[in-house]
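What follows is a short report on a single structure.
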Amino acid sequence: MRLCRFQNSRNEVRIGLVRDDQTILDLTALGIERLSALLESEEPVRLLEDLVSKNPPSCRCAEVRLLTPVERQEVWAAGVTYLRSKKARMEESDFSASAYDRVYEADRPELFFKSLPEKVVASNEPVGIRKDARWNVPEPELVLVINSHGRIAGYSIGNDMSSRDIEGENTLYLPQAKVYHRSCAVGPVIRLGAAETEARTWKIELRVRRGGVIAFAGETSVGQIKRSLTELADYLFRSQVFPHGAVLLTGTGIVPPDDFSLQVGDEVAIHISGIGDLTNRVVQV
Ligand code: DO4
Ligand code: MG
């Protein structure tokens, strides 16, 4: 089951259940005002089945604008969770290479704050590259949507836009390399009802199109993540409270070659097989 937030032709924000490529069931017509009402439920799939049996009105996907499914959650990200990411980070940095090597092997994962919810970019909205960066990449990542009790309630797709020259110059610059205007995209849906074993079979694909031509394509599988998804969620909730739940990007396993950098106008398309497609065009910020 796939949930979304959308804006209808009367500019109202609604909660929907994506029925197929064509249709969305309007759950707000049945009193569901926020996704959190479903994500906080013990049994969201059962609750949704009940709602569907009440025949909510439907709208056509083509007539609505999909918003990011992030409502009031803080957005965090994990780093160096795939071997490919560890290698890339070690190569880009002169004197911090061992930090990446050590965190890949350590019990405690790298977790960093990525975005306020209101700054998250939806699918089909622009993502940014910094004016003061030379080497910019998308990071396509599986997203965990975690409720306030620390339970993984669903999954989405994220882009952890990053400036590799700033990050590589000094690890202490990581917040500037990672947290800036339009640096985080999440959406367009939340996939419910999948166990971790299923999520680990999903394929992640990245395509960057430049002037209609593929400038970079790569793929990996969620199963390549070194850590379990519940382990990442549990670490995030250690000595921490998230009254509105949290959203956690789980790290990238796709790294373009070192001579590749995003350009203004590029289209970044991320596909995760169990979820759908997140697509954004690049602007300078
Ligand atoms: O340590 C730098 C961040 C790494 C990251 O964002 C990733 O592996 O996805
Ligand atoms: Mg990342």
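In listed order, ligands and their atoms are each counted from 1.
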Quiz item: Taking atom types as modelled and ignoring hydrogens, do the side chains of Ser148 and Glu40 form a donor-acceptor contact shorter than 3.5 angstrom?
Solution: yes
Exercise. Please identify which atoms of ligand 1 are closer than 4.0 Å to at least one heavy atom of Gly251.
Key: 9 (O)
Quiz prompt | Numbering as shown, the atoms of ligand 1 that approach Val80 to under 4.0 Å (heavy-atom distance) | solution = 1 (O), 4 (C), 7 (C), 8 (O)
Practice problem: Using the six-membered ring wherever Trp is involved, compare the ring planes of Trp202 and Tyr155 and label them parallel, tilted or perpendicular (cut-offs 30° and 60°). | Solution: perpendicular
Quiz item: Considering only heavy atoms of Glu141, which atoms of ligand 1 have at least one such atom less than 4.0 Å away?
Solution: 9 (O)
Quiz item: Within less than 2.8 Å of the Mg ion (ligand 2), how many protein N/O/S atoms are there?
Solution: 3
Quiz item: Where does Leu174 meet ligand 1, judged by heavy-atom distances below 4.0 Å: at the side chain, the backbone, both, or neither?
Solution: side chain
Quiz prompt | Atom indices of ligand 1 within 4.0 angstrom of Asp160 heavy atoms, with elements | solution = 6 (O)
Practice problem: Could you list which atoms of ligand 1 come closer than 4.0 Å to a heavy atom of Lys178? | Solution: 3 (C), 5 (C), 6 (O)
Quiz item: Based purely on interatomic distance, does Ser85 place a nitrogen or oxygen under 3.5 Å from a nitrogen or oxygen of ligand 1?
Solution: yes
Quiz prompt | Minimum side-chain heavy-atom gap Thr201-Val222 below 4.5 Å | solution = no
Quiz item: Would one find an N or O of Glu167, backbone or side chain, under 3.5 Å from an N or O of ligand 1?
Solution: no
Quiz item: Just checking, any donor-acceptor pair under 3.5 angstrom between side chains of Arg89 and Ser93?
Solution: no
